[in-house]
Structures are given as structure tokens and as C-alpha cells.
Amino acid sequence: MSPQRRVVNRSGQRGIALVAVLLFLLLAGSAAATFVYRSLTDVLIAGNRDAGAQAEALASGGVEVAFAILAQDRLDESSADFRAEAWGDDWHRLASVPISTEDGALLRIRVEDAGSRLNLNALFADGLIRDPLTEILLIRWFERLADEAPDVFRSRDPDELAQNLIDWVDADETRPGGGLEDDYYQRQRPSYRAANRPLLSVDELALIEGFDAEVVAVLRPYVTVYPLAGGDGINPNTAPPWVLALLFHGTGDDFLFAEEETVRAILDIREGGGILCADDADHPSCTPIREAIPGEIFPPPTFSTDVFRVVSQAEVGDVIATVEATVDREDPIEPTLLSWRVD
Ligand SMILES: [Ca+2]
Ligand SMILES: [Ca+2]
């Protein structure tokens, strides 16, 4: 800790105490509360009087709180010998408990598992090889977006968008119809090349031929790129309704997106306290996924993950600071930070 951060701000300390008490109540009985107290004490005794720096410190502290709760969740899952990310988890409940400090600061923490969005990298086996269903899923989705976001998608060809995205990720350098993937990218100034590897961020999509920032803005609420490798599809227990509507299911080549009634049935199970599970899972809260969605699902659904996105927003006076972080908690004691952005 830097000498500056050792300076104690008394009103800040009172704030910390209150935040800690609230979190103890939220996490009553949870060992995570101990981690949380340590994290918050560390952050909130920072003596910087500047509201911007305080807001950023508080938002960063919120991320640490989320990490501690995620680590505890992983440890609890290990001792229960049952893994599932679901709405009832402590990390998900954080979003419903905005935390105010005595000196008027406000902290909001929202945690999402990677499975709550469609992982574009899960559309490629081994991160590089297209599944026959990859192209069908993307074309149908982009066709649908022409109705949902006509200003952005109506002027673009869904087949070309799908093909260009696949070529950007797939290992080879050729287009299926002939020609080189790089022709377009080499004509740009400065020129670049197709990545030929898993996507590293959602923003990277804007580099793909036919895509731009407008397209990325439409896609962003639906997609993730995490985990970068080895990940599966959507988690039916945590995805919001608009992502559940991308559950692509069927048999053979005959796949379709989940209809509204299927999405409703999944939400009903969740709201009733149930959990959707793999068909062979053995747990009293489980409803086999097959009972809610007929056929196979592509990409195969995710029920648990170690990759989470944390958005922590602190309001100090008129200043708002937001920290967005992605973490991999495979090792819950020393989680790996995958991304960190401050706004
Ligand atoms: Ca390629
Ligand atoms: Ca290719």
C-alpha cells in the first residue's frame, strides 16, 4: 500500500463500517463477509479527498467485493459437490442491494456469469473450427436483427456478415467461395489481417469486414467472448430473456431459436426457485433442460462457469466512476483478472 493510501479519512471509515455491516447482513453466515470486510477496509480508508479518485477507489473496492463473493461461491460449490450459476446465488443478488455510505456515497455492483450471454468463441470447435450449425445460427440471427435493428442491419447482407465473422476466426486464410480473407483488410489504411484465432473482445468485431461500431453496439447486449477457449453456450439459469431467445435447438440440420413460450417456460422455472440442469444431473432443485427445450442445443448450454463480468459503479457527490472487470475464478484463492476498464 502506498503511503498516501495509509492516510485515514474518518468520515470514510464510518462509511466503510456501514457498508461492511450491510454486506454482513446480505451475506449472513457466509465466510465471504470476512474477505469483504478486509477488501472494503483497505479501499475505503484511502484518504484522497478528491471525489473522482474516491469514486474510482470505491468502485474498485466494489469489484474486490464481487471477487470475494465469487470465490466463496466457488468454494461452496466444491463442498456441496454441485456446480451451477443461478439467480439465487449471492453474486447475482448483489445487484439488488445498492450500498450507501454514511457520507452519501453510493455503490452499485452487478455481476454476470459469462454464460448469461452467447459466447461467440463457443461457435467454433477448438476455438478455430466452424461447426456446420455456426453459419446457420449466425445467418438466421442477422436476418432477425434486420427486423429488430433495421437502421443498422437492413442494409447489410446476413450471409456475408456470417461468413466474414467465421473467416475472421477460422484457422485458414481462404473464403469458402474462393479468394483470400485478407483482400479487404489489406486494402484498409492502415492495412491488417484476419485474426484467425478466437475473438479477444466484443469490440474486436468492429474490425471485421461488414461490421462497424454501430453493429457492435447492437450485438453487445447479447454476446461475450469469454471463456476464450473451451467454453460452452448460453446458461439458461442466468441469461436475460433476449439472450434466452438465442438458444438454438433442434435435431439434425433442423434448428430454430427458442420461441417466446419456451423463453417464458424457462423464466417460470427460474422464478419458482428451480434450476435447469444437464439431463444427467442429480439434484433436488433440478429440472432437466430437455423438459424445457426440445432437441439438442447449439452451442451446448453452460450450467456453471468460472468467468464473470463485474460492473461496479460508485457515486460520490456529482462524480460517477464505473469499473468493469472480467475475472476467472478457477483458482478461487488467486483469481485471474482478464480485463479491467475504468470509465
Ligand atoms: Ca480465417
Ligand atoms: Ca476461412
Side-chain angles (χ1 to χ4, degrees), residues 114-115 117-146 149 152-234 243 246-250 252-257 296-300 302 305 307 326 328 338-339:
R117 300 183 188 219
L118 174 65
N119 180 0
L120 291 172
N121 288 323
L123 299 174
F124 298 85
D126 298 328
L128 294 170
I129 303 161
R130 75 178 70 188
D131 186 282
L133 287 168
T134 306
E135 195 172 352
I136 304 174
L137 182 155
L138 289 173
I139 292 172
R140 298 237 187 107
W141 184 28
F142 295 149
E143 284 172 350
R144 192 155 85 179
L145 288 173
V152 177
F153 273 85
R154 200 154 275 175
S155 58
R156 303 175 205 244
D157 182 336
D159 293 44
E160 281 178 19
L161 289 177
Q163 194 53 59
N164 293 344
L165 196 164
I166 290 169
D167 280 332
W168 181 264
V169 176
D170 75 4
D172 64 52
E173 294 173 4
T174 52
R175 298 169 182 273
L180 294 174
E181 295 169 354
D182 280 344
D183 284 349
Y184 166 84
Y185 305 116
Q186 287 292 294
R187 287 199 306 273
Q188 307 308 301
R189 291 292 172 265
S191 63
Y192 54 104
R193 294 185 179 279
N196 299 332
R197 52 145 173 75
L199 293 158
L200 300 182
S201 72
V202 172
D203 290 308
E204 183 186 332
L205 289 168
L207 296 173
I208 299 173
E209 181 178 357
F211 291 66
D212 55 22
E214 278 191 316
V215 171
V216 174
V218 174
L219 300 184
R220 194 182 297 281
Y222 297 91
V223 297
T224 179
V225 297
Y226 293 111
L228 299 178
D232 278 333
I234 294 165
V243 177
L246 292 180
L247 282 164
F248 199 51
H249 66 102
D253 290 339
D254 190 14
F255 274 60
L256 74 167
F257 287 122
E296 302 294 321
I297 299 172
F298 175 79
T302 300
T305 184
V307 181
T326 313
D328 184 335
L338 301 176
S339 75

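Just so it is clear, the values below take in all heavy atoms, side chains as well, and ignore hydrogens, waters and symmetry mates. Read the numbers this way: they start at 1 and go in the same order the structure lists the ligands and their atoms.
The minimum heavy-atom distance linking Ile139 with Ala162 is given by the pair CG1-CB, 3.6 Å.
Legend: residues meeting side-chain hydrogen bond (donor to acceptor under 3.5 Å, both in side chains) with Trp168, ordered by chain and number and at least two apart, are Glu204. Scored by the side chain to side chain contact (heavy atoms under 4.5 Å, CB included) test, Asp253 finds no partners at all (sequence neighbours excluded). Scanning for salt bridge (charged side-chain N to carboxylate O under 4.0 Å, His left out) contacts around Glu143 gives an empty result, with sequence neighbours left out.
Other residues, nucleotides and ligands contribute more than 12 heavy atoms inside 6.0 Å of the CD atom of Gln186.
Excluding waters, the set of protein N, O or S atoms lying under 3.0 Å from the Ca ion (ligand 1) comprises Asp167 O, Asp170 O, Asp170 OD1, Asp172 O, Glu181 OE1, Glu181 OE2, Asn196 OD1.
Between Phe248 and Phe255, the ring-plane angle classifies as tilted under the 30° and 60° cut-offs.
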